[in-house]
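Remarks on the structure that follows.
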Amino acid sequence: MNTLDALRDALLARLGPRGVLTDAAELAPHLQEWRGRSEGHTPFLLAPASTEDVAHVVAACAAAGVAITPQGGNTGLVGGQIPQGEILLSLKRMNRIRTVDAAADAITAEAGVVLTALHDAAHGADRHFPLSLASQGSATIGGLISTNAGGVHVLRYGMMRDLVLGIEAVLPNGSVVHGLKALRKDNTGYDLKQLLIGGEGTLGVVTAATLRLFPRPKGHVVAMAALETPDQAMALLQHVRNATGALSAFEIMNRTSVAFATQLPGVRAPFVAPWLALLEFESAEATGLEDAVERVIGDAFERGLAKDAAIARSSQAAADFWKLRESIPAGHRSVEAPQVSHDTSTPVSAVPEFLRRADAAVAVLAPGVRTVAFGHAGDGNIHYTAIAAAAAAPFPAEAIAAAVHDVARSLGGSISAE
């Protein structure tokens, strides 16, 4: 019996049949990235149901000299969660909300808890967990921590790093870090959780976390504005942020990204314009916010900061505005032409210059190229995809990626924002 077979049998005795999967049909959903761009293979999948079992699994694999790849909800877009021959470790069975402490504004959840389930648990205690992103119906807490996810509300609440109070994790030798504290202040030593956040499972496997909660907003307004340029978008951002103090999200979308999204069923855009901005506001008061947003947007018109605007007058209208924004990745994924995607960030003030320089650089490398540009302009994170003019058009993907990354770095930015 070889090492892998012996390890599988030993772990099967510990985890049971639900904890060790070898069937090809059961493995298949775990072995392909959402867009189909990364495909992997694994001898078997391990699905422990407790922190003790995770520790046992990690220690056993370390002793056998066998590599593992941890996986959360498999919503990542860079393939880091796809095994290339390693044993796949899934935390999806660890899906309990352990505690909700409304008085301490804290919730403790296991790594396999899906983000929407965490939202529901927080709402049940009249609290709010602000992280929100398109994949929240499948993204898990462990994966969100391991990738330091951002989402659409970074502008107001920060990245996942800012929302984690404490972490429980299994280190590479199988020892357990018991760090599930709900403290805002603790200077007793190194803040180990900050090394694990964003570590993508390379320094340890997150098994549970204590997360920050907030008072649940009573006022909520979503609006969309039509714009001519990214410069106008950034001027609008500063205007509404300063005038209301209630801005929680500010997303921008170029015309190409909107065109691809609106080809999908049920997706509509209220305006046709070079750029659209999606704005979301939150307040502690149930009344008065909509009137304040109307005044601020009216002032924006007078200042020439928008061509047109609409305020969502119902929850359905607000959902439709967000559906447009969240449908963009699926919209351009369906395009049958070579493409290369980037997840850059720059200082907020440099977003317009990044877009100008990136567009110019890729146009030289691939004449006729189409660019999808959208994302979290409020925190400087733009999702930028270059798409070939046609399926058979020459497309130097590596040179394009290098050029876009060079532009981001030249402006003091990063090639990996989320």
Side-chain angles (χ1 to χ4, degrees), residues 33-38 69 72 74-82 84 131 133-135 139 143-155 158-162 194-203 230 233-234 237 250-254 256-257 325 328-329 332-333 338-366 369-388 395-418:
E33 178 255 2
W34 176 70
R35 297 170 299 181
R37 296 183 182 179
S38 298
T69 292
N74 194 20
T75 58
L77 300 180
V78 296
Q81 77 281 16
I82 304 299
Q84 300 300 324
L131 184 70
L133 65 173
S135 60
L144 294 166
I145 291 171
S146 295
T147 57
N148 189 26
V152 299
H153 293 140
V154 170
L155 176 64
M159 300 280 286
M160 192 68 172
R161 185 180 302 281
D162 302 294
Q194 294 299 345
L195 291 175
L196 295 166
I197 298 169
E200 299 197 25
T202 58
L203 299 178
M234 304 318 290
L237 165 65
F250 189 91
E251 304 283 304
I252 61 172
M253 303 161 269
N254 73 350
T256 304
S257 67
R325 158 63 181 86
I328 292 172
H332 74 74
R333 182 182 68 159
Q339 52 187 276
V340 57
S341 298
H342 313 80
D343 180 37
T344 62
S345 67
T346 64
V348 173
S349 59
V351 167
E353 185 64 15
F354 165 76
L355 290 166
R356 279 190 289 271
R357 292 192 195 178
D359 284 351
V362 299
V364 170
L365 292 168
V369 68
R370 297 165 287 177
T371 56
V372 168
F374 70 102
H376 322 304
D379 57 56
N381 176 199
I382 299 299
H383 305 302
Y384 187 91
T385 299
I387 304 175
F395 192 69
E398 291 186 7
I400 289 172
V404 173
H405 291 162
D406 285 347
V407 171
R409 283 191 291 254
S410 73
L411 295 168
S414 168
I415 67 172
S416 179
E418 292 187 308

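In plain terms, the two heavy atoms of Leu155 and Asp379 that are nearest each other are N-OD2, 4.2 Å. Residues Ala377 and Leu237 share a closest heavy-atom pair of O-CD2, 4.1 Å. The heavy-atom pair separating Ala233 from Phe250 by the smallest distance is O-CZ, 3.3 Å. Listed here is the closest heavy atom pair of Arg325 and Phe374: NH1-CE1, 3.4 Å. Residues Phe395 and Ala366 come closest through the heavy atom pair CD1-CB, 4.4 Å. The two residues Leu131 and Gly150 make their nearest non-hydrogen contact at CD1-O, 2.9 Å.
Counting heavy atoms from C-beta on, the side chains of Ile387 and Thr256 never come closer than 4.5 Å. Looking at heavy atoms from C-beta onward, Ile328 lies in side-chain contact with Val372 at the 4.5 angstrom threshold. Here the side chains of His342 and His383 are not in contact, with every heavy-atom distance at 4.5 Å or above. Looking at His376 and Glu418, their side chains come closer than 4.5 Å, going by heavy atoms from C-beta outward. Contact check for Asn381 versus Val154: no side-chain heavy atoms found under the 4.5 Å cut-off.
Using a distance-only test at 3.5 Å, with no hydrogens or angles considered, a donor-acceptor pair links the side chain of Asn254 to the main chain of Thr371. A donor-acceptor pair under 3.5 Å is formed between the side chain of Arg370 and the backbone N or O of Ala388. Looking only at distances, no side-chain donor or acceptor of Ser146 sits under 3.5 Å from a matching main-chain atom of Gly143. Put simply, the side chain of Arg161 gets close to the backbone of Gln194: a donor and an acceptor are under 3.5 Å apart.
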Quiz item: Does the side chain to side chain contact (heavy atoms under 4.5 Å, CB included) test come out yes or no for Ile252 and Ile382, once each step is laid out?
Solution: CA-CA 9 Å; Ile252 61 172; Ile382 299 299; 4.0 Å; yes

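With rounding to the nearest 0.5 angstrom, the CE atom of Met160 is 5.0 Å from the CG atom of Leu144. Between Ile415 atom CD1 and Asp406 atom CG the span is 9.5 Å, to the nearest 0.5 Å. For the atom pair CD of Glu398 and CG of Leu365, the computed distance is 12.5 Å after rounding to the nearest 0.5 Å. Residue His405 holds its NE2 atom at 8.5 Å from CG of Asp343, rounded to the nearest 0.5 Å.
A search for ring pair (Phe, Tyr, Trp, His ring centres under 6.0 Å) contacts involving His153 returns nothing, not counting sequence neighbours.
In this pair, Tyr384 and Phe354 present their aromatic rings perpendicular. The plane angle is above 60°, beyond the 30 to 60° band.
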Taking distance alone, no hydrogens or angles, what donor-acceptor pairs closer than 3.5 Å link side-chain atoms of residues 345-353 to residues at least two apart or in another chain?
unit_1 : atom_1 : unit_2 : atom_2 : d
Glu353 : OE1    : Arg356 : NE     : 3.3
Glu353 : OE1    : Arg356 : NH2    : 3.1
Glu353 : OE2    : Arg357 : NE     : 2.9

